[in-house]
Number of protein chains: 2
Amino acid sequence: MAEGASAVAQSGESLLFLTDEQLRKGIEAMFFAYRGFTADPDRILQDHAYGRAHHRAIHFIHRAPGTTVNNLLAILGVTKQSLNRVLRCLIEDGLVESRVGNRDKRERHLYLTARGDALEQQLSDAQRERMRAAYRAAGPEAVAGFRQVLEAMMDPDMRRHFTRLADGGV
Amino acid sequence: MAEGASAVAQSGESLLFLTDEQLRKGIEAMFFAYRGFTADPDRILQDHAYGRAHHRAIHFIHRAPGTTVNNLLAILGVTKQSLNRVLRCLIEDGLVESRVGNRDKRERHLYLTARGDALEQQLSDAQRERMRAAYRAAGPEAVAGFRQVLEAMMDPDMRRHFTRLADGGV
DNA sequence: CTTGGAAAGTCAACAAGGCTGACATAAGCT
DNA sequence: AGCTTATGTCAGCCTTGTTGACTTTCCAAG
């Protein structure tokens with residue numbers, strides 16, 4: 001059960017990192033790490049009666065101010081009804097502002113208000129703090145590998161969104 | 001806004017990988033990668049009218065056959081009512097067997113049936129396939145770094161469970 | 001041998017956050 | 001004028017998490 005079929009037919013090079021056992025460890029590491037990844041923001045959100053869905057919306061509006069609802073939908077990969085519920089709540093609470101588009105008046109452009117920005121700060125400070133500790137503990141080379149593997153794991157569509165956000169532009 | 005305060009007060013060494021910008025990219029990479037990570041199993045589960053919660057239970061029962069309900073609760077980090085609903089369903093459907101403990105007859109020891117094992121295979125095959133592709137694309141050094149950062153990101157409790165599972169024993 | 005407490009199961013109620021389907025409105029495009 | 005797009009909204013459903021209350025079973029300490 002330990003070493004999978006993939007390792008059996010390996011060539012001379014060391015492909016032991018591709019054994020089923022190694023892959024399984026990676027899978028479990030993803031599971032446990034993601035729990036840690038969301039733990040700190042989750043605690044903060046509870047105090048504000050928000051959930052992860054609100055966090056995601058806030059994060060990406062902060063990240064790409066003026067983004068449209070449609071763009072946000074594509075990034076988050078949920079239905080507009082799901083997003084709308086969250087967005088309506090954030091707008092009513094005065095964390096997000098929705099401005100009608102100039103060129104295309106059908107579009108709504110989303111911005112964080114001062115209060116929205118404050119919560120975003122609080123959330124991302126907490127999340128970055130854990131990330132920073134993990135990065136520091138693992139070192140720069142490990143971080144580079146971490147990023148490489150994560151990027152390779154994404155669906156192509158998601159990778160497009162990711163690199164578009166990462167490489168500067170809205 | 002680009003480079004965070006953490007980078008300002010850095011020493012002579014290159015700590016640029018700890019800038020807020022780099023950390024934010026890592027955070028977004030986790031978000032997008034986790035979506036890919038769960039995408040393939042999610043598709044399979046839909047055909048069987050199960051959800052991610054069922055997958056998690058099946059995964060860890062496969063991983064530690066004979067585990068008790070309490071142990072599973074600690075690993076999954078949910079309430080017993082939540083787990084029980086999922087578990088009852090899996091037992092009724094004949095994917096999981098619940099045996100009364102020998103030493104302590106209050107405990108239930110959980111095992112996958114042949115059918116449960118078949119579904120586990122199908123799910124983990126799909127998930128491993130994506131993982132394998134990502135590992136192969138990134139290379140062994142990147143994978144080592146990936147694992148290091150993930151482990152550093154876990155809560156200590158979760159890291160305990162992780163290493164206990166990874167280092168062999170039930 | 002009794003009793004306290006742990007392990008497990010169950011019921012009920014609820015909330016967040018996904019989903020689908022249907023429909024309305026406004027605006028852009030042909 | 002008519003089709004399409006972007007958005008919002010209503011209603012209803014599902015999964016999966018929560019809390020609280022309660023029961024049964026059973027180990028173990030007094």
Side-chain angles (χ1 to χ4, degrees), chain A residues 31 34-35 38-39 41-61 66-93 96-111, chain B residues 31 34-35 38-39 41-61 66-93 96-111:
Chain A
F31 171 72
Y34 199 78
R35 296 263 300 274
T38 57
D42 281 355
R43 261 188 295 275
I44 294 169
L45 288 159
Q46 258 190 336
D47 302 338
H48 299 259
Y50 292 135
R52 249 179 238 182
H54 303 84
H55 183 192
R56 291 196 281 265
I58 289 173
H59 173 97
F60 285 109
I61 293 172
T67 186
T68 64
V69 172
N70 243 2
N71 186 35
L72 205 50
L73 280 177
I75 289 175
L76 296 175
V78 297
T79 60
K80 66 171 178 174
Q81 293 92 328
S82 255
L83 177 58
N84 195 255
R85 188 186 339 182
V86 168
L87 230 39
R88 201 189 322 161
C89 169
L90 291 174
I91 290 170
E92 279 171 6
D93 292 359
V96 168
E97 195 190 347
S98 167
R99 296 185 207 153
V100 173
N102 284 332
R103 293 179 326 202
D104 190 334
K105 291 180 185 169
R106 289 169 306 179
E107 294 180 340
R108 305 301 149 93
H109 298 273
L110 303 169
Y111 300 87
Chain B
F31 171 72
Y34 199 78
R35 296 263 299 275
T38 56
D42 281 355
R43 262 189 294 275
I44 295 169
L45 289 159
Q46 259 190 335
D47 302 338
H48 298 259
Y50 292 135
R52 248 178 239 183
H54 302 85
H55 183 192
R56 290 196 281 264
I58 288 173
H59 174 96
F60 286 109
I61 294 173
T67 186
T68 63
V69 173
N70 241 7
N71 187 34
L72 205 50
L73 281 178
I75 289 175
L76 295 175
V78 296
T79 59
K80 66 173 176 174
Q81 293 91 330
S82 246
L83 177 57
N84 194 256
R85 187 186 339 181
V86 168
L87 231 39
R88 200 190 323 161
C89 169
L90 292 173
I91 291 169
E92 279 171 7
D93 292 358
V96 168
E97 196 191 346
S98 167
R99 296 186 207 152
V100 173
N102 285 330
R103 292 178 326 200
D104 187 334
K105 291 180 187 171
R106 289 168 305 178
E107 294 181 341
R108 305 301 146 94
H109 298 271
L110 303 169
Y111 301 87

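By convention in this document, chain letters (A, B, ...) are assigned in the order of the sequence lines, proteins followed by strands, and residues within each chain are numbered from 1. No hydrogens, no waters, no symmetry mates; every other heavy atom, side chains included, goes into these values. Just so we're clear, the structure is a prediction, and the values are computed from it rather than from any experiment.
Asp47(B) CG: more than 12 foreign heavy atoms inside a 6.0 Å radius.
Contact record, Arg35(A) with Leu76(B): NH1-O, 3.0 Å, taken as the closest heavy-atom pair.
Put simply, CG on Leu73(B) is 14 Å from P on dT10(C), counting in whole angstrom units. What separates CG of Leu76(A) from P of dG17(C) is a distance of 13 Å, to the nearest Å. Taking atom CG of Leu110(B) as the reference point, atom C1' of dA7(C) lies 13 Å away to the nearest angstrom. For the pair Leu83(A) CG and dT7(D) P, the interatomic distance rounds to 10 Å; values are reported in whole Å.
Salt-bridge check for Glu107(B) with Lys105(B): failed, with every basic side-chain N at 4.0 Å or more from each acidic carboxylate O.
When the nearest nucleotides of DNA chain C are assigned to Arg85(B) and Thr68(B) by heavy-atom distance, the more 5′-ward of the two goes with Thr68(B). For His54(A) and Ile91(B), each mapped to the nucleotide of DNA chain C holding its nearest heavy atom, the one lying further toward the 5' end belongs to Ile91(B).
Geometrically, Arg56(B) does not engage Phe31(A) in a cation-pi contact defined by less than 6.0 Å to the ring centre and at most 45° from the axis.
Counted by atom type alone, Thr68(A) and Arg108(A) present zero donor-acceptor pairs between their side chains at under 3.5 Å.
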Might you list the N or O atoms of the protein lying below 3.5 Å from N or O atoms in nucleotides 20-30 of chain D, with each pair's distance?
unit_1, atom_1, unit_2, atom_2, d
dG20(D), O6, Gln81(B), NE2, 2.9

